[in-house]
K.L.:
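Once you've had a glance at the structure underneath, I'll fire off some questions.
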Amino acid sequence: MSKIELEKIYDAKSAEKGIYEKWEDSGFFNPDKLPGNRSENFVIAMPPPNVTGILHLGHAYENALMDIQIRYQRMQGKKALIIPGTDHAAVATQARVEDNLKKEGIKNPRQELGREKLLEKIREFAESHKAIMIGQIKKLGTSCDWSRLAYTFDEPRSKAVNELFRMMFADGLIYRGYRVVNWSVKGQSTCSDDELEYETRKTIVYTFKYSDNFPIPIATTRPETKLGDTAVAVNPDDERYAHFIGQKFTVDIGAANPLTITIIGDKNVDINYGTGAVGVTPAHSQIDFEMYQKNKEIGIIPVIGKDGKMLAAAGKDYEGLTTLEAREKFVAWLKEHNLHISEEEIEHNIGKSDRFKDVVEALPMEQWFVDVNKEIPGRGKSLKDLMREAVTIGHNGDKHKIIDITPERFHDTYLSWIDNLRDWCISRQIWWGHRIPVWYCDECNEIFYSAEKHEACPKCQGHNIRQDEDTLDTWFSSGAWTFSTLGWPDKTEDLKKFHPTTWMQMGYEILFFWMARMILMSTYALDDIPFKNVYIHGILRDKNGKKFSKSLGNGLDPLEVIEKYGTDAIRLSLIKGVSAGNDSRYYEEKIEGSRNFVNKLWNISRFIFSSIENPTIIAARPEAKTEADKWIFNQLDFAIFNATQSLEKSDFSAAAEFLNDFTWNDFADWYLEVCKVESQKSKVDSDSKDEILQYILQQILKLWHPFIPYVTELIWSKIDQKNLLMIEAWPKAEENKHGIVENIKDLLHLAKTDVVDFSLVKEVVASLRNLRAENKVEAGVFARVIIFAGSKLTFLQSQKEIIMKLSRLEKLDLMESGEKPKGCAANIVSGLEIYLDLAGLIDIEAEKKRLTKEIAEVDQYIKGIEMKLANEEFVSNAPAAVVAKEKEKLAEASGRKHKLNEQISSL
RNA sequence: GCGCAUUUAGCUCAGCUGGUUAGAGCACUUCAUUUACACUGAAGGGGUCGGGGGUUCGAAUCCCUCAAUGCGCACCA
């Protein structure tokens, strides 16, 4: 063994090279191959990124969160597992590929290529992106178990999807129904309510009457749909209209047939809004459709088709027109017949398909739905009940099966969302996805489940059968992610061991899409919750608070950042200053700060290694020989304790901050400087210091490893060539004479009492540096320091050398007390009088000014405390300890004021 | 319209269940240059904690209210 030499300049790019491979080769990403006795599991199912593109900053952020968590847990001795995967992202991917093909000149890819060929194109796209994305996840350093890599559209996951469908179909929870759904004309597919983006637009609201003799005026922003009206709803409490309820009116407004308008009562109609009456178009409004379901006798007349054009039922004047053309025409007709009453421009929200970007039409059609309100056979509750239970009383009322949501406030948001949940439309008319495993017999009309290709109808044996053309909503497969990745429906070892998973992180923007569906699927199919803890995070925004987006051109490519600053720096910068559930701003200076820290850590190591002959692992804490040693160990315990507590709460930012304070402020800026003095005394002293330095460095490497795994692993490898840092045990705060500290307040107390001695040295040094700077004492200028140390005299004498070196002053006279020296710059620190004798070079006026200002500040402070203590109510009501503390503060401040006054007069 | 979040130094954010002379990083000012590290070190300036009211001996912290900003949900007749 010999000295370790580190490169002078830390170059993240070359330094990080090869380390991921080393981790991967070790097999430790796989919990089954981790050494030691590990009884507890910690499992994260990685939210699978869509195969539509390459990783963006949001992915880097999520990977940082997951990997910090899993590396910490692995070091805590748990069987730590991240299951990686990718998502075929049905609509999103097909929409993307179709767009690409259109750019290549294929106008209508579905028609021109046909199902098989188009699927082939999408598959190629998906596969190539999948490979890119896996490479990128590795670049981020995420320690996931690649032997368990999953894909929502691979064989095992498809099997899970089919089995889920079969179960729900058999239980009658999946049904085919005729209902109003959101239809994307451009995508020629349904989309769920969650797949809509809302956009505020100006539009005109038209008020009109169906006919001269129709008693109630109606308002609408979509006149063309009125050709399919079958009712008018009024509030039963509305005196103006209530007596019309039940009456029928026949009106001819130009549709194919005269309309029969029934007046119905509905409590939801707002008497005071608009005309106080709603024209009901069951076919083209979800709300109106619900009224129709309650009053089927009113009938339903679809007037818009899947192509977004008017149907024959709208009348021969309108058939084939676009909705906008029909609108104009109908409004003109109303005006012509004096039925048009008024127009008003308003702002309202329109729903657009988030993937195809066109305004969705509400159309009634046959689709597949999951019934969330129906009682599950044999369970006595509905899917909705299950979704609610999991976050309230626990699954099946089992307290151990409650999902904890961080931060808590999303708990209520989730519940109110569940309350408003409608049946979930799961069929899509796109081709990229799991095909609905249902077959129709055209001979006997039997409908049956089959995941396999079928030859004959099981009922009539006829061969005239066909599979449903539709595919499943992508969230149907994503919902099964926590257990499909573990091998379900097979009863695998993995499933037994690792489900429910432990921790799940997700952005609040997919809270309802995804979390709710995972809970639904898992509680239904496995009779268990999918995970124990959900950590909700916000989104990253740019410096101005804008979302990162391609169209704004404000994107930061994580791979470019890694290229420039290294993976460690990006990981650390992503989690710093971020709290759960909140958005945060992200910009280059943040990355620079983290890069600087990595560099600092590198240089700390370089410095320590430079003095050590035989670097070795120091397993047990060495003995503290000096005051500084005692102090730094105390600070280390403080950092370990706080970082650990923060990590247990998934407060990654706070943990990093504690570690940063210790590493940079305590260790590098103070302790290392002290060591330069203390280790020069003798060989014994220097050996003792080297041991302590190595020990602390090793603790620091362990503590930082989850955050900045590369640089820490690299430095560790210089000391220990055999073992990887990634599986070292997480440090524990040492037990001291008070026993294990229970909380931060205890520890803060300890920090102030037990190690007050070295803190005094710090204060004295800081004060001397301040006096030097204030009086512009340049290097080499003679300056004598006199300190009246009182009872601390002996102690300060033992620290004299440190004080002089760190404050870079040459002569220091320590005495218990004495006559105030004249004409010195002076200060008071913790009751100690400090004088800096500049041999007449002092600017008396400036010094007076400074001291006067200081006295004024102390005065202010004293006044505040005096007022408090003069307040009888404070003295009698506040706890005795608080009062005592105030008195103590007052005594100290008064003493300080007194001495400052003496100093100013001795000028 | 309903709900949630945010509002603390020029900027980005900490400050937990009320007792600190309100903190950090960046930026700023001054100083230091054959130093483990300029991706550095030292010293410093800068805040009546969004406004108003209340509870309390005591409020950045709890309650009410208003405002601004952001985000959900509903409405969109």
Side-chain angles (χ1 to χ4, degrees), chain A residues 6 8-10 198 200-201 203 205 207 217-222 232-233 269-270 273-281 285 287-288 346-351 407 409-410 412-413 416-417 420 508-509 511-512 538 541 543 545 565 569 576-579 581-587 589-590 592-593 595-611 649 651 653-654 657 660-661 665 668-669 672-673 676 744 765-766 769-774 776-779 806-808 857-858 860-861 864-865 868 871-879 881-883 885-886 889 893:
Chain A
L6 299 183
K8 184 162 164 71
I9 306 231
Y10 180 71
Y198 292 96
T200 305
R201 274 196 196 171
T203 191
V205 117
T207 306
I218 295 297
T220 182
T221 54
R222 301 214 45 193
V232 164
V269 176
D270 184 345
Y273 189 89
T275 64
V278 184
V280 181
T281 322
S285 153
I287 305 256
D288 293 2
I346 60 156
E347 283 199 340
H348 79 156
N349 291 329
I350 46 147
R409 68 184 132 97
F410 287 104
D412 288 348
T413 323
S416 71
W417 182 81
N420 293 325
Y508 58 68
E509 77 279 8
L511 189 66
F512 310 127
R541 296 172 175 278
K543 210 169 183 171
Y565 295 101
K576 261 189 174 175
V578 180
S579 52
N582 294 333
D583 293 353
S584 72
R585 297 182 188 210
Y586 191 73
Y587 41 91
E589 287 89 328
K590 260 191 177 173
E592 275 173 15
R595 186 266 323 261
N596 293 356
F597 177 78
V598 172
N599 185 63
K600 188 78 186 176
L601 183 58
W602 179 258
N603 276 295
I604 287 171
S605 312
R606 204 160 85 90
F607 173 67
I608 292 173
F609 288 153
S610 72
S611 72
K649 290 185 290 188
D651 189 347
S653 179
E657 217 167 292
N660 188 81
D661 278 353
N665 302 342
D669 288 346
L672 289 186
E673 294 306 318
K676 287 177 187 170
I744 292 180
V765 169
R769 284 167 172 172
N770 174 271
L771 288 177
R772 276 184 61 122
E774 293 283 340
K776 306 214 188 312
V777 177
E778 282 166 33
L806 294 201
S807 54
R808 312 218 300 156
E857 273 171 18
V858 182
Q860 194 67 27
Y861 178 52
I865 304 174
K868 236 184 201 181
N871 181 349
E872 267 176 52
E873 281 182 296
F874 169 72
V875 179
S876 54
N877 285 327
V882 174
V883 179
K885 206 172 141 197
E886 290 299 317
K889 282 200 257 176

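Letters go in sequence order (proteins before strands), and every chain restarts at 1.
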K.L.:
With a non-hydrogen cut-off below 4.0 angstrom, is A/D669 in contact with a base, only sugar-phosphate, or nothing?
P.N.:
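The answer is sugar-phosphate, as A/D669 gets under 4.0 Å only of primed atoms, P, OP1 or OP2.
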K.L.:
Base, sugar-phosphate alone, or nothing: which one does A/K543 contact when heavy atoms must sit under 4.0 Å apart?
P.N.:
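Nothing, no nucleic acid heavy atom in range.
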K.L.:
Check every strand shown and say whether A/T221 touches a base, only sugar-phosphate, or nothing at a heavy-atom separation below 4.0 Å.
P.N.:
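It contacts sugar-phosphate atoms only.
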K.L.:
Of all the nucleotides listed (B/A14, B/C37, B/C57), which has the minimum atom distance to the side chain of A/K600?
P.N.:
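Per side-chain heavy atoms of A/K600, the pick is B/C37.
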K.L.:
Rounded to whole Å, how long is the line connecting atom CD of A/E657 with atom P of B/C26?
P.N.:
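The distance from CD of A/E657 to P of B/C26 comes to 12 Å, rounded to the nearest Å.
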K.L.:
Looking only at side-chain N and O atoms, does A/N871 come under 4.0 Å of OP1 or OP2 in B/G58?
P.N.:
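For A/N871, the contact criterion (side-chain N or O under 4.0 Å from OP1 or OP2 of B/G58) is not met.
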K.L.:
Is the shortest side-chain heavy-atom distance between A/I608 and A/I604 below 4.5 Å?
P.N.:
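Yes, side chains in contact.
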K.L.:
Which part of the nucleic acid, if any, lies within contact of A/T220, taking any heavy atom under 4.0 Å across all strands shown: a base, the sugar-phosphate backbone alone, or nothing?
P.N.:
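Sugar-phosphate only.
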K.L.:
Would you say a side-chain N or O of A/K576 is under 4.0 Å from OP1 or OP2 of B/G25?
P.N.:
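Indeed not, no polar side-chain atom of A/K576 lies that close.
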K.L.:
Is any side-chain N or O of A/S579 closer than 4.0 Å to OP1 or OP2 of B/A14?
P.N.:
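A/S579 to B/A14 OP1/OP2: side-chain N or O found under 4.0 Å.
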K.L.:
Report the nucleotide, chosen from B/A14, B/G19, B/C71, that has the shortest atom-to-atom distance to any side-chain atom of A/F874.
P.N.:
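Minimum distance to the A/F874 side chain belongs to B/G19.
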K.L.:
What is the distance, to the nearest angstrom, from the CZ atom on A/R541 to the C1' atom on B/U69?
P.N.:
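Going from CZ in A/R541 over to C1' in B/U69 covers 11 Å.
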K.L.:
Quantified in whole Å, what is the C1' atom distance between nucleotide B/A42 and nucleotide B/G52?
P.N.:
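Those two atoms are separated by 44 Å.
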K.L.:
Does A/V269 reach a base, just sugar-phosphate, or nothing at all? Heavy atoms under 4.0 Å.
P.N.:
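If one applies the 4.0 Å heavy-atom cut-off, A/V269 turns out to touch a base.
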K.L.:
What verdict does the side-chain contact (heavy atoms from CB on, under 4.5 Å) test give for A/Y10 and A/L601, after you've listed the backbone C-alpha separation in whole Å, the side-chain angles of each residue and the deciding distance to 0.1 Å?
P.N.:
CA-CA 10 Å; A/Y10 180 71; A/L601 183 58; over 6 Å; no
K.L.:
Write down the distance separating the P atoms in B/A14 and B/G50, rounded off to the nearest Å.
P.N.:
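The answer is 13 Å between these two P atoms.
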K.L.:
Nearest to the A/E774 side chain among B/U40, B/U20, B/G44, which nucleotide is it?
P.N.:
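The closest nucleotide is B/G44.
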K.L.:
Mind checking if A/E886 touches a base, just sugar-phosphate, or nothing, with heavy atoms under 4.0 Å?
P.N.:
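Counting heavy atoms under 4.0 Å across all strands, no contact is made by A/E886.
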K.L.:
So does A/N660 get a side-chain nitrogen or oxygen closer than 4.0 Å to the phosphate oxygens (OP1/OP2) of B/A24?
P.N.:
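So the side-chain polar atoms of A/N660 never come under 4.0 Å of the phosphate oxygens OP1 or OP2 of B/A24.
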K.L.:
What distance, rounded to whole Å, do you find between the two P atoms, one in B/C64 and one in B/C76?
P.N.:
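B/C64 and B/C76 have their P atoms separated by 31 Å.
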K.L.:
At 4.0 Å (heavy atoms only), tell me whether A/I865 reaches a base, stays on the sugar-phosphate, or touches nothing.
P.N.:
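Nothing, no heavy atom under 4.0 Å.
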K.L.:
Would you say A/N877 reaches B/C57's phosphate, i.e. side-chain N/O to OP1/OP2 under 4.0 Å?
P.N.:
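Yes, such a contact exists.
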K.L.:
Could you give the distance separating B/C26 and B/G46 at their C1' atoms, to the nearest angstrom?
P.N.:
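It works out to 14 Å between them.
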K.L.:
Mapping A/R409 and A/R769 to their closest nucleotides on RNA chain B, which lands nearer the 5' end?
P.N.:
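Upstream on the strand: A/R409.
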K.L.:
Nearest to the side chain of A/N420 - B/C73, B/U12, B/A77?
P.N.:
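Shortest atom-to-atom distance from the side chain points to B/C73.
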K.L.:
Could you state the atom-to-atom distance from CD1 of A/I9 to C1' of B/A36 in whole Å?
P.N.:
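In whole Å, B/A36 C1' and A/I9 CD1 are 12 Å from each other.
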K.L.:
Could you give the CZ-to-C1' distance, from A/R595 to B/G25, as a whole number of Å?
P.N.:
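Going from A/R595 (CZ) to B/G25 (C1'), I get 15 Å.
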K.L.:
Decide whether a cation-pi geometry holds between A/K676 and A/F607; the criteria are a distance under 6.0 Å from NZ or CZ to the six-membered ring centre and an angle within 45° of the ring axis.
P.N.:
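Yes, A/K676 and A/F607 form such a contact.
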K.L.:
Take atom CZ of A/F410 and atom P of B/C71, then tell me their distance rounded to the nearest Å.
P.N.:
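Taking atom P of B/C71 as the reference, CZ of A/F410 is at 14 Å.
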K.L.:
Categorize A/K649 for me: base, sugar-phosphate, or nothing, with a 4.0 angstrom heavy-atom threshold over every strand shown.
P.N.:
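The answer is nothing, as A/K649 stays clear of every strand by at least 4.0 Å.
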K.L.:
Out of B/C75, B/C57, B/C13, which has the shortest distance to the side chain of A/R585?
P.N.:
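When the side chain of A/R585 is considered, B/C13 is the closest of B/C75, B/C57, B/C13.
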K.L.:
How many Å lie between CG on A/N599 and C1' on B/A36, as a whole number?
P.N.:
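To the nearest whole Å, that distance equals 10 Å.
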K.L.:
To the side chain of A/K8, which of B/A36, B/C73, B/U12 is closest?
P.N.:
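Between B/A36, B/C73, B/U12, the one nearest the side chain of A/K8 would be B/A36.
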K.L.:
Which sits closer to the 5' end of RNA chain B, A/S605 or A/N349, going by the nucleotide each is nearest to?
P.N.:
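Here A/S605 is the residue nearer the 5' end.
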K.L.:
With no hydrogens and no angle check, is any side-chain donor or acceptor of A/S285 less than 3.5 Å from a backbone partner on A/T281?
P.N.:
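No: the side chain of A/S285 does not pair with the backbone of A/T281.
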K.L.:
To the nearest Å, how far apart are A/E509 CD and B/G72 C1'?
P.N.:
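In whole Å, B/G72 C1' and A/E509 CD are 12 Å from each other.
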K.L.:
Counting only side-chain heavy atoms from C-beta out, which of B/U12, B/A36, B/C76 sits nearest to A/R606?
P.N.:
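Shortest atom-to-atom distance from the side chain points to B/A36.
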K.L.:
Quick check on B/A32: is either OP1 or OP2 less than 4.0 Å from any side-chain nitrogen or oxygen of A/K776?
P.N.:
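No, A/K776 has no side-chain N/O under 4.0 Å of OP1/OP2 on B/A32.
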K.L.:
May I ask you to evaluate whether A/S653 reaches the phosphate of B/A14, defined as a side-chain N or O under 4.0 Å from OP1 or OP2?
P.N.:
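Result: no.
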K.L.:
Which is true for A/I350 with a 4.0 Å heavy-atom rule: it touches a base, it touches only sugar-phosphate, or it touches nothing?
P.N.:
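No contact.
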K.L.:
Taking the C1' atom of each, how far is B/A32 from B/C37, in whole Å?
P.N.:
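Nearest-Å result for B/A32 against B/C37 at atom C1': 15 Å.
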K.L.:
Figure out the CH2/P separation between A/W602 and B/C37, and round it to whole Å.
P.N.:
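It works out to 13 Å between those atoms.
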K.L.:
Measuring only the C1' atom in each nucleotide, how far is B/U35 from B/G10? A whole number of Å is fine.
P.N.:
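That atom pair is separated by 33 Å.
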K.L.:
Ignoring the backbone of A/V882, work out which of B/G19, B/A77, B/C76 is nearest its side chain.
P.N.:
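The closest nucleotide is B/G19.
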K.L.:
Can you establish whether the number of heavy atoms outside A/Q860 located under 6.0 Å from its atom CD is more than 12?
P.N.:
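No, not enclosed.
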K.L.:
Take the angle between the ring planes of A/Y508 and A/F410 and call it parallel below 30°, perpendicular above 60°, tilted in between.
P.N.:
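Judged by the thresholds at 30° and 60°, the geometry between A/Y508 and A/F410 is parallel.
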K.L.:
Expressed in whole Å, how much space separates the P atoms belonging to B/G18 and B/G1?
P.N.:
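Going atom to atom, P in each nucleotide, I get 35 Å.
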K.L.:
Side chain of A/N770, backbone of A/A766: donor and acceptor closer than 3.5 Å?
P.N.:
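Such a contact is absent between A/N770 side chain and A/A766 backbone.
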K.L.:
Map every base of RNA chain B to its dot-bracket character, where paired means a Watson-Crick or G-U wobble contact with both distances under 3.5 Å and | marks a partner outside the strand.
P.N.:
(((((((..((((.....[...)))).(((((.......))))).....(((((..]....))))))))))))....
K.L.:
Would you say that A/K8 contacts A/R606 through its side chain, given a criterion of any heavy-atom pair below 4.5 Å between the two side chains?
P.N.:
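A side-chain contact exists here, since the closest heavy-atom pair is under 4.5 Å.
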K.L.:
Determine the interatomic distance between P on B/C16 and the same-named atom on B/C62; round to the nearest Å.
P.N.:
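Between the two P atoms, the distance is 8 Å.
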K.L.:
Nearest to the A/N770 side chain among B/G44, B/C76, B/A14, which nucleotide is it?
P.N.:
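Looking only at side-chain atoms, A/N770 lies closest to B/G44.
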K.L.:
Looking only at side-chain atoms of A/V278, point me to the closest of B/G44, B/A77, B/U20.
P.N.:
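Given the options B/G44, B/A77, B/U20, the side chain of A/V278 is closest to B/A77.
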K.L.:
Give one of base, sugar-phosphate or nothing for A/A668, where a contact means two heavy atoms less than 4.0 Å apart.
P.N.:
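Base: the residue A/A668, judged by heavy atoms under 4.0 Å, touches a nucleobase.
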K.L.:
Does the side chain of A/T221 reach to within under 4.5 Å of the side chain of A/I346, using non-hydrogen atoms?
P.N.:
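Yes, their side chains come closer than 4.5 Å.
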K.L.:
Under the 3.5 angstrom rule, does the side chain of A/R585 hit a backbone N or O of A/K543 as a donor-acceptor pair?
P.N.:
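Flag set: sc A/R585 to bb A/K543 pair under 3.5 Å.
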